Amino acid sequence: MSGSLVTKNGKNVVNKISDNQFQIEKDSSRGMNVPVTIFANDMLISKMALDRTLDQAVNVTTLPGVRKHMVVLPDGHEGYGFPVGGVAASDFEEGIISPGGVGYDINCGVRLIRTNLLESDIRSNLKHLVDSLFSSIPTGVGSEGAIKLTNAELDDLLIDGARWSVEHGYGIDSDLEACEEGGKMNGADPSDISTNARKRGSMQLGSLGSGNHFLEIQKVDKILDKKAANIMGITQEGEIQILIHCGSRGFGHQVCSDYLRLSEQAMKKYDLNVVDRELACVPNNSTEGESYRKSMFSALNFAWANRQMLTHWTRMTFQKVLNLTEQDLEMKLVYDVSHNIAKVERHKIDGEGSRDLVVHRKGATRAFPSGMKQLPLKFQSIGQPVIIPGSMGTASWVLLGSTKSMDLSFGSTAHGAGRTMSRSAAKRMHTLDGVKKKLESRGIYVRSLTKNGLIEESPDAYKDVDMVADVSHNVGIATKVVRLVPLGVIKG
DNA sequence: ATGTGC
């Protein structure tokens, strides 16, 4: 491919800066406040130009107070208003906050748990392990968890996040320091949460959900950065790891819906106009902005509490099936990262010094470098573990945040593979047997609640996660540490 | 993603 690429709506020209960096220049005449920077390669960016990904990124640059640039990561694809796989930073004082900039699944995220087991320790028990996980962890749309909370208990959980779960017996103290924000976002306040969100939330606590959410038993395929891997507790190839990918379930979904509606109404009051109604937003410093932040933070905490509970049941299942005690079976949390979040961070902007920005990461992972005070002590010297799940049944990656991310991507990198085939296309092109056979041929045992759940998540409906990790590594926003491959999967 | 699609 040579020359420049034009986006789907025909209005935006993409310039290639280098092999892995592209740009859409700022055009003030079309209301753009900043340029768009895209980290990709020729193949990935050509796919982004086929749908609305890049045009949506340009739309975001027209929002009030957007700073520096809109970032699109190599896994970018179209989403609700804002593209998924993007970072939009808005000025704390003069900018906006937008529910669509976080997305429906608030704090969709992943956590990686390392074990002291090798593949040979579990091969003969793999099916039993997967079956037991499948029966002890509720999956599927609308699935209900084992826990029923009163309103007052739910309030406590929404304020304390994973800490609530640990204090109620689901996990250990050291789990908390291995979570972004310690698994508890300060400033969460559930007082504006709707009754409807509460109703859905309290029922679904402690469940995995559906779509691309999964729990995988994986093994270490390759270690590329031994020093970083060792500090994370990952020591050798063949070591068993658990990856949990899920979010805030119907609770966060309802919070997002509630605030999209509220934002659309409040925009009239603030005389805010947006080029796409899906970009509904409110001034960050407004009553409505504060209300969304408090409620969205509550949903972050819901998701962290939820992943913490699933961690506990995973540990119990492994102990029981393998007949090992808590002492003999090490299952330590490596790290837990959020993929859908907005929070205030200080970032340098060329010519303006440092500013407080509302960093919207939608399908993006924080990738802070060494020395950042937000990181737990043991990662201060190397940087933050970044966990990137592939699609079900494909590889996943652990990367390491790097100083370049602070200059290039507001301290962020990609979050996953990103779809390349719609759910309906995946259904047309695959059968249940075909997908199962393909996974089995790779030695992967899957339990799924629904037929469509499996077909829609067929590995070839997604981009190549290795390519996504490569772009991140080559640009230097996060570097490769460990490649993981699945052995067993449970999903909705 | 989701008590799944205008």
Side-chain angles (χ1 to χ4, degrees), chain A residues 51 53 56 75-86 98-110 138-145 148 193-215 244-261 264 276-278 295-296 299-300 302-304 306-307 310 337-342 360-365 388-392 414-428 448-458 461-462 490-492:
Chain A
D51 65 19
T53 309
Q56 287 185 328
D75 52 343
H77 60 94
E78 69 177 43
Y80 185 91
F82 295 62
V84 177
S98 172
V102 175
Y104 274 95
D105 193 2
I106 298 169
N107 196 1
C108 174
V110 282
T139 60
V141 180
S143 59
E144 297 179 16
K148 301 279 175 282
I193 299 278
S194 68
T195 317
N196 202 8
R198 285 175 176 280
K199 213 159 65 190
R200 288 173 74 177
S202 55
M203 306 241 292
Q204 298 182 339
L205 183 66
S207 63
L208 186 65
S210 68
N212 68 357
H213 288 167
F214 59 69
L215 187 155
I244 299 176
H245 180 201
C246 71
S248 51
R249 309 286 290 101
F251 182 83
H253 192 274
Q254 191 61 48
V255 169
C256 182
S257 301
D258 290 344
Y259 280 92
L260 280 169
R261 193 162 36 91
E264 248 187 278
D276 173 356
R277 65 178 286 195
E278 294 183 357
S295 299
M296 182 258 291
L300 298 177
F302 185 96
W304 272 312
N306 195 39
R307 288 199 285 276
L310 303 189
V337 292
S338 176
H339 288 159
N340 286 354
I341 188 168
H360 296 73
R361 292 193 182 92
K362 180 182 189 177
T365 315
I388 302 187
S391 54
M392 167 197 73
H415 84 304
R419 287 199 89 89
T420 160
M421 198 186 288
S422 69
R423 290 178 185 280
S424 52
K427 267 192 269 197
R428 278 196 305 275
S448 173
L449 188 73
T450 62
K451 176 181 155 210
N452 282 344
L454 203 64
I455 296 173
E456 291 172 4
E457 296 302 313
S458 173
Y462 282 82
I490 74 164
K491 61 181 313 317

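Given the structure is predicted, the values throughout are model-derived calculations rather than measurements. The analysis underlying the following values was restricted to heavy atoms, covering all of them including side chains, and did not include hydrogens, waters or symmetry mates. Every chain is numbered from 1 and lettered A, B, ... according to where its sequence line falls, protein lines coming before strand lines.
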Trainee: Please confirm whether the shortest side-chain N or O distance from A/Ser210 to OP1 or OP2 of B/dT2 is below 4.0 Å.
Mentor: yes
Trainee: Send over the distance from A/Ile106 CD1 to B/dT2 P, rounded to a whole Å.
Mentor: 12 Å
Trainee: Going by the rule side chain to side chain donor-acceptor pair (under 3.5 Å), which residues pair with A/Asp258 if we only count those two or more places apart in sequence or in a different chain?
Mentor: A/Ser194, A/Gln254
Trainee: For the pair made of CZ in A/Arg277 and P in B/dC6, what is the distance, rounded to whole Å?
Mentor: 12 Å
Trainee: What is the distance, rounded to the nearest whole Å, between atom CG of A/Asn196 and atom C1' of B/dT2?
Mentor: 13 Å
Trainee: Using 30° and 60° as the class boundaries, would you call the ring planes of A/His360 and A/Phe82 parallel, tilted or perpendicular?
Mentor: parallel
Trainee: Separation of A/Arg249 atom CZ from B/dT2 atom C1', in whole Å?
Mentor: 9 Å
Trainee: Is the ring pair A/His245/A/His339 parallel, tilted or perpendicular, if the boundaries are 30 and 60 degrees?
Mentor: perpendicular
Trainee: Is A/Gln204 touching bases, backbone alone, or none of the nucleic acid, heavy atoms closer than 4.0 Å?
Mentor: sugar-phosphate
Trainee: Rounding to an integer number of Å, can you tell me how far A/Glu457 CD sits from B/dT4 P?
Mentor: 17 Å
Trainee: Is a side-chain N or O of A/Asp75 found less than 3.5 angstrom from the main chain of A/His415, in a donor-acceptor match?
Mentor: yes
Trainee: Check each residue of residues 416-426 of chain A for a non-hydrogen atom within less than 4.0 Å of any atom in DNA chain B, then write out the ones that pass by number, or none.
Mentor: A/Arg423
Trainee: Quick one: list whatever passes side chain to side chain contact (heavy atoms under 4.5 Å, CB included) with A/Lys451, sequence neighbours left out.
Mentor: A/Leu432, A/Ile455
Trainee: Find which nucleotide of DNA chain B each of A/Val141 and A/Gly211 is nearest to by heavy atoms, and output the residue with the more 5' nucleotide.
Mentor: A/Gly211
Trainee: Can you tell me how far OH of A/Tyr104 sits from OG of A/Ser248, rounded to the nearest 0.5 angstrom?
Mentor: 13.0 Å
